[in-house]
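Both ligands and their constituent atoms are indexed starting at 1 by order of listing.
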Amino acid sequence: MIDFPLIAVVLAAGKGTRFKSEKPKVLHNILGKPMLWYTLFAVKWLKPQKTLIVVGHKKEEVIKAINCDGCEFVYQEEQLGTGHAVYTAKDHFKEFDGYVLIINGDTPLIKGETLHNAGEYLKALIRYEGANLTNYRGYRNKSIAGVVLTAKLPNPYGYGRIVKDKDHRVIKIVEEKDTTPQEKQINEVNSGIYFFYAPYLKEALEKLENNNAQKEYYLTDIIEILRQEEKYTYALEIPDYTEILGVNDRLQLAGAENILKERFLTFWALNGTTFHNPQSIWIEFDVDLSRDVEIYQNVMLQGKTFIDEGTTIEANCIIKNSKIGKNVKILANSYIEDSEIKDNATIGPFARIRNNSVINQEVVIGNFVEVKNSVIGKRTNARHLTYLGDAEIGEDVNIGAGTITCNYDGFQKHKTIIKDRAFIGSDTMLVAPITIGEEAITGSGSVITKDVPDKALAIERSQQKIIENYAEKRKKKYEKKD
Ligand code: UD1
Ligand code: CA
């Protein structure tokens, strides 16, 4: 939250040529969300009174994918540069007596906290100059134009270089393609994140020109324009340079994803999660973990997933939009999606659970078992090679190996109900719709098409024949042929 009048402008109109992609650059995913989402998340921290997103290339796709509540979109028809992008939005801050936060949409690693600190720095500068923060009128004649966030990069290649005086005032920003050999040596770079006093910004935008190596209207030229009028932009160097990294190609995308992944792992590790081989583990933004969760290699936790205390997730599991209870064991190579697993259940290895299934307390779902849109009652076991779809299964039921709910007749899906303590023999085919009563039993290998009453046995298979000495007879038959 920032306590001075603020409008945010997020630049997201560019094509992202270096991505070599049909998809607009800012929609490329980092840990399951478009990179622009992260930039917006940081901006929202400040609660600006308006958030404008400049869109252009494939704008409908961007607007739809971002689905930003309370954002306004500005259309930049032709992408003539970052300066032109802000110029396009200028009517939205025409009468505004406050500050404009400008941020590149391809800077997903910036933290809200850092933006907030930059706002505080700006306030301190203004105070130092003797202005009264509660009264924004009268700033017009002050000498502070704004703040640009910078960082020192190990490899500054590709970024605008910061040329500044000894008072941290920026003299100019030089784009890579316009640098002299000396300027190339500067490792303090422009983050693409700025706060400008709106009336000054508006005036300077009118004066931008495109006489540079790329024939673009560079936003960065604003600083030099304002400086000539003795309105100064201050550089605020932020200590963690990873926050300002721009994402211009897929290599940088992968790099940014790794950095974010490491941040999340660090956070959870310090909050009581054990990770084995953490580099291989993937945890997305909306995941929530309780204490004493233990996670092995190659696990992916995606979407809105919550894992409660004491649960262990073995190698190669994927859990998406699911809620996992306390002390659950999810054994290797299992896939759980849009479902809930309650306390003390055991899942896997090699299990698949999906479409709003609920697996109750102490259930065992074993190897090669698929559960779809089903509720499985407490302490029920389905340990091997089974498909349970559209089923409602009671408590203490035993599902034999190879059991299948035949839920689909080629046109519609039908329900299977299995009541408490039923015993389903191995390889039973349950042709739905069907109900198996309490404590009912089905014989192995049966195809059950009719409801089974409580406590009854249903068996459907032909009688077994015994032919004595058949092996000998068969041998003789072949001997004769020779
Ligand atoms: C920009 C800065 C550079 C800085 C770097 C930080 C300029 C001239 N250069 O360079 O100093 O170090 O960011 O990452 O600003 N965009 C539009 N409309 C346009 C052009 C761009 O909306 O006409 C958007 C892009 O979608 C992107 C952002 O602005 O999100 C930055 O544009 P990009 O071309 O990536 O600028 P850089 O070359 O990275
Ligand atoms: Ca960029």
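- For atom 12 (O) of ligand 1, the nearest protein heavy atom (residue, atom name, distance) is N190 O, 2.7 Å.
- Ligand 1 has a nitrogen or oxygen under 3.5 angstrom from a nitrogen or oxygen of A13.
- Applying the 6.0 Å contact sphere to CD of E206 captures more than 12 heavy atoms from other residues, nucleotides or ligands.
- Using a 3.5 Å distance cut-off with no hydrogens or angles, the side chains of K320 and Y335 do pair a donor with an acceptor.
- In terms of protein heavy atoms, atom 25 (C) of ligand 1 is closest to G14 N, 3.8 Å.
- In terms of N/O distances under 3.5 Å, ligand 1 is not approached by L219.
- A salt bridge is absent between K304 and E284; no separation between the charged side-chain nitrogens and carboxylate oxygens falls under 4.0 Å.
- The ring-ring contact (aromatic ring centres under 6.0 Å, His included) search around Y194 returns F196, not counting sequence neighbours.
- With respect to E216 and K177, no salt bridge is recorded, no charged nitrogen being found less than 4.0 Å from a carboxylate O.
- Shortest contact from atom 20 (C) of ligand 1 to any protein heavy atom: G81 C, 3.6 Å.
- At the shortest separation from atom 18 (N) of ligand 1 among protein heavy atoms lies Q76 OE1, 2.7 Å.
- Scanning all protein heavy atoms for the shortest distance to atom 21 (C) of ligand 1 gives T82 CG2, 3.9 Å.
- Protein heavy atoms all stay at least 4.0 Å away from atom 37 (P) of ligand 1.
- Close contacts of ligand 1 with S191, meaning ligand atoms under 4.0 Å from a residue heavy atom, involve 6 (C), 14 (O).
- Of the charged side-chain nitrogens involved, none lies within less than 4.0 Å of a carboxylate oxygen, so that R354 and D338 do not count as a salt-bridged pair.
- Those atoms of ligand 1 that come under 4.0 Å of a heavy atom in K25, given as number and element, are 35 (O).
- Within the listing of ligand 1, atoms 17 (C), 18 (N), 22 (O) sit less than 4.0 angstrom from a heavy atom of A85.
- Not one N or O of I173 is nearer than 3.5 Å to an N or O of ligand 1, by distance alone.
- Taking a cutoff of 4.0 Å between a charged side-chain nitrogen and a carboxylate oxygen, K111 and E113 do not qualify as a salt bridge.
- Among protein heavy atoms, atom 29 (O) of ligand 1 sits closest to L11 CB, 3.4 Å.
- Using a 4.0 Å cut-off between charged nitrogen and carboxylate oxygen, K342 and E362 do not count as a salt-bridge pair.
- Taking the ring centre of F264 as origin, the terminal cationic atom of K261 falls outside the region bounded by 6.0 Å and 45° from the ring axis.
- Summary of contacts: the protein heavy atom closest to atom 1 (C) of ligand 1 is N104 ND2, 3.7 Å.
- There is no side-chain donor-acceptor pair under 3.5 Å between Y218 and N210.
- At a heavy-atom distance under 4.0 Å, only side-chain atoms of E175, from C-beta outward, approach ligand 1.
- If you look at L80 next to ligand 1, the close heavy atoms, those under 4.0 Å, all belong to the backbone.
- Using cut-offs of 30° and 60° for the angle between ring planes, the W37 and F285 rings count as perpendicular.
- Around the Ca ion (ligand 2), the protein contributes the following N, O or S atoms at distances under 3.0 Å: D106 OD2, N248 OD1.
- Taking the six-membered ring for Trp and thresholds of 30 and 60 degrees, Y200 and Y197 have ring planes more than 60 degrees apart, a perpendicular arrangement.
- Using a cut-off of 4.0 Å between Lys/Arg side-chain N and Asp/Glu carboxylate O, K123 and E120 are scored as salt-bridged.
- Under 3.5 Å, the side chains of N373 and D390 contain a donor-acceptor pair of N or O atoms.
- For ligand 1, the atoms closer than 4.0 angstrom to any heavy atom of G160 are 3 (C), 4 (C), 11 (O), 12 (O).
- Close contacts between ligand 1 and Q79 involve ligand atoms 19 (C), 23 (O) [criterion: under 4.0 Å to a heavy atom].
- For atom 33 (P) of ligand 1, the closest non-hydrogen atom on the protein side is D106 OD2, 4.4 Å.
- The residues E22 and K58 are annotated as salt-bridged, a charged nitrogen and a carboxylate oxygen being separated by less than 4.0 angstrom.
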